[in-house]
Amino acid sequence: MTTTFPDVTISTDRLVLRPFEEEDVTALTEMMNDEHVIAWTGAPHPYTHAEAHAWATRHSQAERTEGRGIVLAVTEFLTQRLVGIVHLQHTNWRTRATEVGYVTAPWARGEGYASESVLAVAQWLFRSQGFERLELRTAADNTASQQVAQKIGCISEGVLRNAWIVRTQTADGGWADTRTDLIVWSLVPEDLDEGDGYDSYDGYARSTAFPQRADANGHRVGADWN
């Protein structure tokens with residue numbers, strides 16, 4: 001039984017999803033230090049250039065080669081600028097199920113890139129890899145991330161109480177950990193079959209051998225990544 005994903009690039013009309021490269025390190029560092037990404041993810045803070053380099057050049061590739069999942073850098077088709085990350089993780093090869101996390105760069109929010117990239121990965125996962133379940137987990141207050149799940153056709157299955165930690169900014173500019181519930185969402189092949197726009201990214205993939213809550217001030221917050 002196959003226990004690793006292939007090295008693949010996935011394309012949509014606007015985006016290219018590909019393995020991380022060393023050239024992504026600077027943009028990755030900037031993205032992961034955005035305050036809204038800090039708030040919602042479990043990534044280290046501050047996120048150093050060395051950590052970004054290790055992720056882009058070693059750790060992200062190990063996710064695939066060691067069978068845990070796959071990490072894709074999301075880039076704009078026209079500019080090659082780093083839009084974000086889609087990360088399949090906690091993969092169960094027997095049940096053909098995996099969990100998706102995603103991050104969107106501050107400059108790219110509000111363009112529908114998160115839903116476009118996650119939908120393209122879901123189509124590839126179900127059509128080309130024979131998977132039967134994709135799971136998302138969103139913090140209870142992360143309404144924009146929940147909208148991404150709804151937009152691509154996910155079904156809400158329930159709540160994991162007190163199951164995650166988010167960061168809230170303190171009066172002195174620091175960050176404090178706060179416990180929160182997680183909403184569990186799922187997508188299965190028939191959900192895409194029934195949904196509008198299922199063929200919108202047809203022909204999206206080729207093998208190469210691989211929101212954001214609004215805060216108190218109305219600013220969008222980066223989607224979950226864990």
Side-chain angles (χ1 to χ4, degrees), residues 5 7-61 63-64 69-89 100-125 136 142 144-145 147-149 151-152 197 200-215 218-226:
F5 288 114
D7 196 12
V8 69
T9 295
I10 299 173
S11 299
T12 73
D13 288 342
R14 301 189 298 169
L15 302 172
V16 176
L17 288 71
R18 55 160 175 77
F20 269 90
E21 302 170 350
E22 189 167 3
E23 291 74 16
D24 299 315
V25 169
T26 297
L28 177 62
T29 305
E30 293 174 356
M31 179 174 67
M32 297 308 296
N33 280 301
D34 173 69
E35 63 180 7
H36 301 323
V37 176
I38 295 167
W40 287 117
T41 76
H45 171 67
Y47 197 84
T48 67
H49 187 275
E51 286 165 331
H53 187 273
W55 176 256
T57 61
R58 297 194 305 277
H59 300 324
S60 61
Q61 287 84 349
E63 287 287 288
R64 186 186 70 81
I70 194 169
V71 179
L72 294 167
V74 182
T75 63
E76 275 193 325
F77 177 76
L78 292 177
T79 67
Q80 286 82 58
R81 192 175 181 185
L82 185 66
V83 166
I85 304 169
V86 175
H87 183 184
L88 298 183
Q89 57 197 330
V100 65
Y102 44 92
V103 174
T104 304
W107 67 269
R109 294 175 190 150
E111 300 296 329
Y113 286 148
S115 56
E116 183 173 333
S117 57
V118 175
L119 178 59
V121 170
Q123 292 174 340
W124 169 76
L125 189 70
L136 293 80
N142 196 342
S145 187
Q147 289 169 1
V148 171
K151 187 174 181 179
I152 67 173
S200 60
Y201 308 124
D202 202 14
Y204 54 91
R206 62 185 184 277
S207 176
T208 61
F210 173 13
Q212 304 125 349
R213 159 184 95 175
D215 65 13
H219 300 300
R220 290 188 177 91
V221 177
D224 292 332
W225 184 47
N226 45 50

Any chance you could measure Asp34, atom CG, to Trp107, atom CH2, to the nearest 0.5 Å? 13.0 Å

Would Glu116 and Thr12 count as having a side-chain donor-acceptor pair, cut-off 3.5 Å? yes

Rounded to the nearest 0.5 angstrom, the OG1-CE distance for Thr26 and Met31 is 12.0 Å

I'd like to check the side-chain hydrogen bond (donor to acceptor under 3.5 Å, both in side chains) partners of Thr48; sequence neighbours left out, ordered by chain and number. Glu51

Do Thr9 and Leu17 have side chains that approach each other closer than 4.5 Å (heavy atoms only, starting at C-beta)? no

Residues in salt bridge (Lys or Arg N to Asp or Glu O under 4.0 Å) with Glu63, at least two apart? Arg68

Proximity of Trp124 and Phe5 rings by center, below 6.0 Å: yes

Suppose we screen for side chain to side chain contact (heavy atoms under 4.5 Å, CB included). Which residues come up paired with Thr29, at least two apart in sequence or across chains? Val25, Asn33, His49, Ala52

Applying the side-chain hydrogen bond (donor to acceptor under 3.5 Å, both in side chains) criterion to Tyr102, which one of Ser117, Ser115, Ser145 satisfies it? Ser145

Answer whether the closest heavy-atom distance between the side chains of Ile70 and Gln61 falls below 4.5 Å. no

Less than 4.5 Å apart, side chain to side chain, heavy atoms only: is that true for Leu15 and Val83? yes

Do any N or O atoms from the side chain of Arg18 and from the backbone of Val74 form a donor-acceptor pair under 3.5 angstrom? no

Quick one: closest heavy-atom pair of Trp55 and His87, and the distance? CH2-CE1, 4.0 Å

Give the intermediate values and the outcome of salt bridge (Lys or Arg N to Asp or Glu O under 4.0 Å) for residues Asp24 and Arg81. CA-CA 9 Å; Asp24 299 315; Arg81 192 175 181 185; over 6 Å; no

Just by distance, do the side chain of Ser60 and the backbone of Phe20 share a donor-acceptor pair under 3.5 Å? no

For Glu76, give me all partners under side-chain hydrogen bond (donor to acceptor under 3.5 Å, both in side chains), at least two apart in sequence or on another chain. Thr79, Tyr113

For Glu23, check side chain to side chain contact (heavy atoms under 4.5 Å, CB included) against everything at least two apart and list the hits. Glu21

